[in-house]
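Numbers restart at 1 for each chain; the letters A, B, ... are given by sequence-line order, proteins then strands. Because only heavy atoms are used, hydrogens play no part in the values below, and waters and symmetry mates are left out as well, while side chains stay in.
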2 protein chains.
Amino acid sequence: MQASSSHIADRVVEAILARRIAPGMRLGEQQLATIFGVSRTVVREALTRLSERGVITVSTRRGWYVIEPSLADAEQAFAARRIVELGLLRATQDVDAATVTRLRAHIARERAALRGDDVGLRSFLLGDFHVCLAECLGNGLLADVLRDLTARTTLIAMLYQSTHDAADSCAEHVEIVDALARGDHEHASALMEAHIGHVQQGLRRETTVDPLTQLRDALAPVGASSAPPNPSPRRRGPRHASARPPRSQTRPSKEPA
Amino acid sequence: MQASSSHIADRVVEAILARRIAPGMRLGEQQLATIFGVSRTVVREALTRLSERGVITVSTRRGWYVIEPSLADAEQAFAARRIVELGLLRATQDVDAATVTRLRAHIARERAALRGDDVGLRSFLLGDFHVCLAECLGNGLLADVLRDLTARTTLIAMLYQSTHDAADSCAEHVEIVDALARGDHEHASALMEAHIGHVQQGLRRETTVDPLTQLRDALAPVGASSAPPNPSPRRRGPRHASARPPRSQTRPSKEPA
DNA sequence: TACACCACCGTTGCATGCAAGCGGCGGCGC
DNA sequence: GCGCCGCCGCTTGCATGCAACGGTGGTGTA
């Protein structure tokens, strides 16, 4: 195997984007060490990286867990995405032909995945579109930010069972790129805002439902469940499900000593 | 001493914001371990965190170095800040009185620092204003992003000797908050864009200057130098000064295996 | 029967040890 | 005198070992 820590971290994020890793899932150090054929040290480094990216949390001497964003967190994540992506589109002056080509190529892959039956790949590509867009529009820094944000919203979608259809998402991507190709950035922004709104609204429905119903749903027999192909049905995660996100350890605006 | 890894990482970022750590500076593991009274393991964790945040780079078996952004990197960092901060302002519906109070309090501290002689605190507060703004406007996620971005632009300013005056910056902050308080978000956005532009333009001048002049400046006798109180005048850093930023190891948009 | 206490097990937190690699420096050959 | 090569020291990379702690199951007692 032999993988570096960044490699392992990226793999985990990919798995989240592909909905193969669910919120609240535990990532044991020894477990990962065995899988990747390295020592716990390297795994710890990877997990540290991920926690810095706000993707996982560590519960002291208990384990590392994929975040389970609260509804407030969800709100914040979508707000952040809106701000970054709309800002990105508005700041874009003009897109050259090569960029449009690249984006269309991405969409073509989305379509292919829609025809196929690999749900993971489908989910990954749908989320990756936004990362790809940021990269194409020339800002790698924001692309990285968006990657983490997208991972976050993917986890949210899994947690609150988004009802937004993959085909719809893809269609909206098409429209956005079309608008960009036309040079109509204003329209592209509007479409993007609507697109993110659709995704977010897909999970609103659960909001008003009482927790008991949610639990009943969660405990329903595994019939038509869209659960990812996980090794085993492990328990849902740490008690402090809605604990503060990792990086909040960064104190709010204190001056240096 | 006894400090956690996040603590150490935050300290380093603070020091950068306060211009006490210069671009290209080396951060030795054993060195930091001694300073903070912990083992290299903890320091390594902190350094890993920082490298994930794009603040430092590691050169294999040579050491950890504070990034030295290229001009292209600078361009990107400012673009990112513009996008995030303008997006943030545009997305803000209304600001309540408490928020305005908090922002004004921050500005008051900036003013106090301007009167004082602590250059580090001054620089820190000036940069922290933007982080504080993001926090006030209700998005902790973006506040974290902005903290790293601000650290980056601070490093850039040190590297390319920004000429933008601290007092001007503070005055611009005042105007921005005033516009926000009035509810004139459009104007606030415009002011913010101008503000970031000013800071960025402060360092444009060096761009057209030939490298030899720059070197001569750098080698000038340490007279009125604004160099931070570093232990010793160490050499400037790794050869690959303009190497790719750390997180670029994240491959561009590959699908999961 | 129910509750509380205790001991065991598994996991992470952290320090340390060892090996590998890069840079610098001195010596040697040309 | 100059350039090249090999050695040495310092630093990081990584594995391992040990200790501390949370959780769980079993047992004893009211």
| query | Can B:S51 and A:R49 be counted as having a side-chain donor-acceptor contact under 3.5 angstrom? | reply | yes

| task | Could you state the atom-to-atom distance from CH2 of A:W64 to P of D:dG22 in whole Å? | result | 17 Å

| task | Ignoring backbone atoms, establish whether B:R62 has a side-chain N or O less than 4.0 Å from OP1 or OP2 of C:dG21. | result | no

| message | With a 4.0 Å limit, can you tell me whether A:R44 has a side-chain N or O closer than that to the phosphate oxygens OP1/OP2 of C:dG13? | response | yes

| said: One thing to verify: whether A:R53 and A:D10 come together as a salt bridge, which I'm taking to mean a side-chain N less than 4.0 angstrom from a carboxylate O. | reply: yes

| message | Less than 4.5 Å apart, side chain to side chain, heavy atoms only: is that true for A:I196 and A:F78? | response | yes

| For atom CD of B:Q30 and atom P of D:dG13, their distance in whole Å | 14 Å

| query | Given D:dA15, is OP1 or OP2 found less than 4.0 Å from the side-chain N or O atoms of A:S39? | reply | yes

| field | Under-4.0 Å side-chain N/O to phosphate OP1/OP2 contact, B:R26 with D:dT12 | value | yes

Any N/O pairs under 3.5 Å between the protein and nucleotides 18-20 of chain C? List them or say none.
| from | atom 1 | to | atom 2 | distance (Å) |
| --- | --- | --- | --- | --- |
| C:dA20 | N3 | B:R61 | NH1 | 3.1 |

| request: Tell me, please, which residues at least two apart from A:R40 pass salt bridge (charged side-chain N to carboxylate O under 4.0 Å, His left out). | output: A:E29

| field | Nearest-nucleotide 5' precedence on DNA chain D, B:T60 against A:T60 | value | B:T60

| query | What is the distance from CD of A:E29 to C1' of D:dA15, rounded to the nearest Å? | reply | 13 Å

| said: Test of understanding: with side chain to side chain contact (heavy atoms under 4.5 Å, CB included), list the residues that count as partners of B:T154, not counting sequence neighbours. | reply: B:L17, B:R19, B:S123, B:T150

| query | So, A:R81 and A:T153: side-chain donor and acceptor under 3.5 Å apart, yes or no? | reply | yes

| note | Of A:V42 and B:G63, the one whose nearest nucleotide on DNA chain D sits closer to the 5' end is B:G63

| query | Whole-Å distance between D:dG13 P and A:E45 CD? | reply | 8 Å

| Would you call A:R102 and A:E135 a salt bridge, using N to O less than 4.0 angstrom? | yes

| remark: By nearest-nucleotide position on DNA chain C, the 5'-leaning member of A:L47 and A:T41 is A:L47

| field | Protein-nucleotide distance (A:L27, atom CG; C:dG10, atom P), rounded to Å | value | 20 Å

